[in-house]
Structures are given as structure tokens and as C-alpha cells.
Amino acid sequence: MAMNFSQKLRDNLRHILDIRGHNQSWLAAETDIPEATVSRYLNGIHNPKVDYVARMAAALNTSVDYLLGLSASSIPDRPPSPEILALIAGYERADAHTKKMIWMQLELVLTDEEKALAPKQSQGQKTEAGQAAEKAIS
């Protein structure tokens, strides 16, 4: 499945603006990109030129890779945190049932594109997994 870079750019741009407490007016001023153009990028009407993506990444102190969804870290050249490394190690050691349970919990916070990366389950497994999640939540 091909990655939708345009959607990732919109999602990550919105996310980093939110967490940094900035808006599109601020980004436009910092990058010398017209505010209407920034708005069109955020709304998926247009895709930015490479040099505009680079300007936005620089203004937000992040990497182009993060904006395009090629890096999970919004901080350039930063390795994953110890917490993320521990989660990865635990997941890799988990049995199949535990991995399914982990994915069920992640369903609550993943984007549709991230959900598509989850291991495929048969309808019977989904029902069984869904019942187990409901029991765990209640």
C-alpha cells in the first residue's frame, strides 16, 4: 500500500502546529508563504512545493521527513525515546494473543492509515478480540 504523503503532511503539519501552540497565520509569517496558501495545504486543496515543505519544517524546528510521515519523531535526528524502545521490545517479545490485544488498544488512537498497518484478522478473531476488549474496559 502506497503512503499518502499529502494526507500525512496535512496531519503532521496540523499536529505540530497544535502542540507548538502556533496557527497558520504564524506559519505564513515565519515562512513567507501566503496565509491563503498555507490554508490550502492544511485543507488538502494544494500540495506544497518541496522548498515550501523545507521552509515549514525549518520554521517548526522539525524535519521534512516528519512532515511527510517518513519519521515518527518530530525532532530532527532524534532517536526514539527509551519509552518507545521499551514498547517496541515488549511488542516483539509478545505472543500472538498479546499483540492482538495491543493493537486493539491502539485502535483508540491510531489514524486510519496507521490502522491499515495493523495485522489483518479474520472476522471471527475481530469479534473475539472486540469482546475481550469490552471486558477489559468494563
Side-chain angles (χ1 to χ4, degrees):
M1 178 168 99
M3 182 181 285
N4 184 341
F5 292 108
S6 298
Q7 181 65 47
K8 267 312 218 188
L9 175 73
R10 288 191 301 272
D11 292 346
N12 288 344
L13 195 52
R14 281 188 190 110
H15 178 256
I16 200 160
L17 283 168
D18 286 344
I19 63 172
R20 302 269 168 88
H22 300 306
N23 59 30
Q24 68 186 36
S25 299
W26 176 89
L27 185 60
E30 289 294 311
T31 59
D32 200 29
I33 299 171
E35 187 173 349
T37 302
V38 172
S39 176
R40 288 182 189 108
Y41 299 156
L42 289 168
N43 290 306
I45 297 168
H46 292 298
N47 291 321
K49 298 177 200 175
V50 173
D51 61 321
Y52 281 16
V53 175
R55 282 193 218 173
M56 291 185 289
L60 293 163
N61 192 30
T62 192
S63 68
V64 170
D65 283 356
Y66 172 76
L67 289 180
L68 295 176
L70 298 171
S71 170
S73 176
S74 63
I75 301 171
D77 302 319
R78 179 178 165 198
S81 69
E83 178 183 31
I84 298 300
L85 293 174
L87 289 169
I88 292 168
Y91 180 82
E92 289 175 343
R93 287 191 305 270
D95 62 23
H97 175 73
T98 303
K99 286 181 180 179
K100 287 178 191 174
M101 296 299 289
I102 291 168
W103 280 105
M104 286 176 10
Q105 291 300 310
L106 289 173
E107 287 275 329
L108 302 171
V109 295
L110 294 177
T111 65
D112 288 339
E113 189 169 286
E114 291 164 335
K115 288 177 186 176
L117 299 174
K120 302 299 178 217
Q121 299 177 23
S122 70
Q123 189 59 39
Q125 288 174 320
K126 285 182 183 177
T127 303
E128 182 183 308
Q131 290 172 350
E134 287 175 8
K135 286 179 185 177
I137 292 171
S138 57

When rounded to the nearest 0.5 Å, the distance separating CG of Leu13 from CG of Asp18 is 9.5 Å
Heavy-atom nearest pair, Ala57 first then Ser63, reads CB-C, 3.8 Å
- If Ile, Leu, Val, Met, Phe, Trp and Tyr residues are connected whenever their side-chain heavy atoms lie under 4.5 Å apart, and connections chain through other members, are Val64 and Val50 in the same group? no
NE2 of His46 to OG of Ser6, rounded to nearest 0.5 Å, is 12.0 Å
- prompt: Is there a side-chain contact between Lys8 and Leu68, using heavy atoms and a 4.5 Å cut-off?
  reply: no
When rounded to the nearest 0.5 Å, the distance separating CG of Leu27 from CD of Gln24 is 8.5 Å
Rounded to the nearest 0.5 angstrom, the CG-CZ distance for Asn4 and Arg10 is 6.5 Å
Distance col, row Ile33:CD1 vs Lys49:NZ, nearest 0.5 angstrom, shows 9.5 Å
Measure the shortest side-chain to side-chain distance between Val38 and Tyr52 over non-hydrogen atoms and say whether it is less than 4.5 angstrom.
no
Is the closest side-chain heavy-atom distance between Asn47 and Leu9 below 4.5 Å? no
What one should report as the nearest heavy-atom pair of Ala94 and Lys99 is O-CE, 3.3 Å
Is it possible for you to say whether Leu108 and Leu106 belong to one hydrophobic cluster, with membership spreading through side-chain heavy-atom contacts below 4.5 Å?
-> yes
Hey, are the side chains of Arg55 and Asp32 touching, using non-hydrogen atoms and a 4.5 Å cut-off? yes
Shortest non-hydrogen pair, Ala59 vs Trp26, comes out as O-CH2, 3.4 Å
(message) Test your reading of the model: is there a side-chain donor-acceptor pair from Asp95 to the backbone of His97, 3.5 Å cut-off?
(response) yes
- Geometric class of the Tyr91/Trp103 ring pair [parallel <30°, tilted 30-60°, perpendicular >60°]: perpendicular
Apart from Ile84 itself, members of its ILVMFWY cluster (side-chain separation under 4.5 Å) are Leu87, Ile88
What one should report as the nearest heavy-atom pair of Pro34 and Ala28 is C-CB, 4.1 Å
When rounded to the nearest 0.5 Å, the distance separating CD of Gln7 from CG of Asn12 is 9.5 Å
